[in-house]
Amino acid sequence: MRVLITNDDGIDSPGLAALARGAVEHGWETVVAAPARESSGTSAGLTAAEDDRRIVVEERQLPGLPDVPAYAVSAHPGLIAMVATQGAFGDPPDIVLSGVNRGANVGRAVLHSGTVGAALTASINGVRAMAVSLDVGLDADVPHHWDTAVAVASGLFDRLAALPPGSVLNLNVPNAVEPDASWAEPKRAGLAEFGAVQSRVKDTDDGSIDIASVAVEGELPPGSDAAVLADGHPTVTALRSVSEDTDLEF
């Protein structure tokens with residue numbers, strides 16, 4: 001299998017390199033193409049910084065991956081995934097892996113995630129994809145256990161490869177030192193109406209809008225991805241990209 005690794009945290013993210021190493025260790029032909037800078041919250045946006053109407057691409061070498069082609073792209077992850085399916089970084093990939101994202105992507109808010117947006121963009125172009133996220137919470141100072149997320153994701157690689165083209169999985173992994181035996185199989189869970197962390201408007205007094213991330217109080221929907229992840233277990237959710245609503249009467 002030929003796999004593209006991308007993300008929305010940018011080319012220098014350690015989670016990106018960890019996921020690429022996991023793909024290489026799995027025996028997959030791997031290429032990395034990720035935003036040149038932070039692109040979180042860009043959904044499936046196709047924005048790019050252009051120079052003379054061309055998207056700037058810079059070759060990079062990722063830590064511990066001297067033989068893996070890697071590119072810093074001045075574009076959002078959705079656009080990177082789209083052009084990859086058209087051969088922008090060599091032969092089109094069979095699979096797109098997006099992550100490992102710094103922070104969980106659960107609930108309906110996955111709509112806004114650049115990590116998930118890249119996976120969904122790959123899917124509408126006929127490519128299997130998986131978004132992988134590490135639940136580090138709001139404390140930026142905690143150690144980030146990227147290899148734990150990759151270990152759980154690797155257990156799904158072969159199953160992802162066997163799914164029909166265009167399939168999408170969304171994996172979230174607790175930020176633990178190492179998975180215990182109960183983690184061998186991530187729990188399948190539905191999307192929550194809201195996640196454990198949400199964005200809130202803090203201040204609008206001075207002509208600007210100040211937005212902060214806050215922990216949501218109250219019980220999370222039982223059995224949802226947000227609730228299962230909060231209980232300390234990896235979750236996996238099958239996603240479907242945009243489609244018509246045939247049940248709506250108007």
Side-chain angles (χ1 to χ4, degrees), residues 1-40 42-102 113-133 146 150 153-154 156-158 160-161 163 165-171 241:
M1 304 299 287
R2 178 172 169 82
V3 61
L4 172 81
I5 311 293
T6 192
N7 71 351
D8 70 3
D9 290 327
I11 189 70
D12 296 317
S13 169
L16 179 79
L19 189 56
R21 287 193 295 270
V24 170
E25 291 169 3
H26 198 70
W28 283 348
E29 180 184 355
T30 303
V31 61
V32 175
R37 55 186 54 84
E38 171 83 27
S39 296
S40 297
T42 57
S43 187
L46 301 181
T47 301
E50 296 180 346
D51 181 6
D52 245 358
R53 300 183 63 82
R54 295 171 63 86
I55 300 168
V56 177
V57 178
E58 177 189 350
E59 290 192 32
R60 294 285 189 90
Q61 182 171 308
L62 298 186
L65 296 165
D67 300 322
V68 173
Y71 306 95
V73 187
S74 296
H76 289 169
L79 180 57
I80 293 171
M82 184 188 75
V83 298
T85 67
Q86 299 177 15
F89 309 106
D91 292 337
D94 302 296
I95 288 174
V96 167
L97 299 177
S98 186
V100 174
N101 189 66
R102 185 185 294 106
S113 164
T115 303
V116 177
L120 292 174
T121 301
S123 77
I124 64 171
N125 287 278
V127 177
R128 305 164 184 86
M130 179 163 66
V132 184
S133 301
W146 305 112
V150 174
S154 297
L156 295 173
F157 282 174
D158 288 337
L160 175 64
L163 293 174
S167 300
V168 180
L169 299 179
N170 183 42
L171 175 67
S241 190

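All residue numbers in this chain count up from 1 along the given sequence. Note that the structure is a prediction, hence the values are computed from the model and not measured. The basis for the numbers below is simple: all heavy atoms, side chains too, and nothing from hydrogens, waters or symmetry mates.
- Nearest heavy atom pair, residue M1 against residue A161, reads CE-CB, 4.0 Å.
- When every heavy atom of V116 is checked against every heavy atom of S113, the shortest pair comes out as N-OG, 3.0 Å.
- Taking the ring pair (Phe, Tyr, Trp, His ring centres under 6.0 Å) definition, one finds that Y71 meets it with F89, sequence neighbours left out.
- Once rounded to the nearest 0.5 Å, the distance linking CG of L163 with OG of S123 reads 12.0 Å.
- Residues in residues 2-20 take part in these salt bridge (charged side-chain N to carboxylate O under 4.0 Å, His left out) pairs, two or more places apart or across chains: R2-E29, D9-R102, D12-R60.
- A 4.5 Å side-chain heavy-atom check between I124 and M82 finds every atom pair outside the cut-off.
- In terms of heavy-atom proximity, A129 sits nearest to A119 at CB-O, 3.5 Å.
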Could you list the donor-acceptor pairs under 3.5 angstrom formed between side-chain atoms of residues 13-22 and any protein atom two or more places apart in sequence or on another chain?
residue : atom : partner : partner atom : Å
S13     : OG   : G15     : N            : 3.2
R21     : NH1  : P63     : O            : 3.3

Next on the checklist: side-chain contact (heavy atoms from CB on, under 4.5 Å) for V96 and T6? Distances and angles first, verdict last.
Outcome noted: CA-CA 7 Å; V96 167; T6 192; 4.2 Å; yes

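- Between L4 atom CG and D94 atom CG the span is 11.0 Å, to the nearest 0.5 Å.
- The distance from the OG atom of S167 to the CE atom of M130 is 12.0 Å, given to the nearest 0.5 Å.
- Separating the CG atom in L97 from the CG atom in L169 is a distance of 10.0 Å, to the nearest 0.5 Å.
- For Q86, the CD atom is densely surrounded, since the number of other residues' heavy atoms within 6.0 Å is greater than 12.
- Across all non-hydrogen atoms, the minimal contact from G10 to A34 is C-CB, 4.3 Å.
- In this structure, N7 and S98 approach most closely via the heavy-atom pair CA-OG, 4.0 Å.
- Put simply, CD1 on I80 and CD1 on I5 are 12.5 Å apart, with the number rounded to the nearest 0.5 Å.
- Distance check, rounded to the nearest 0.5 Å: CG of D67 to OG1 of T30 gives 11.0 Å.
- Here the shortest heavy-atom pairing between P165 and G126 reads CB-O, 3.3 Å.
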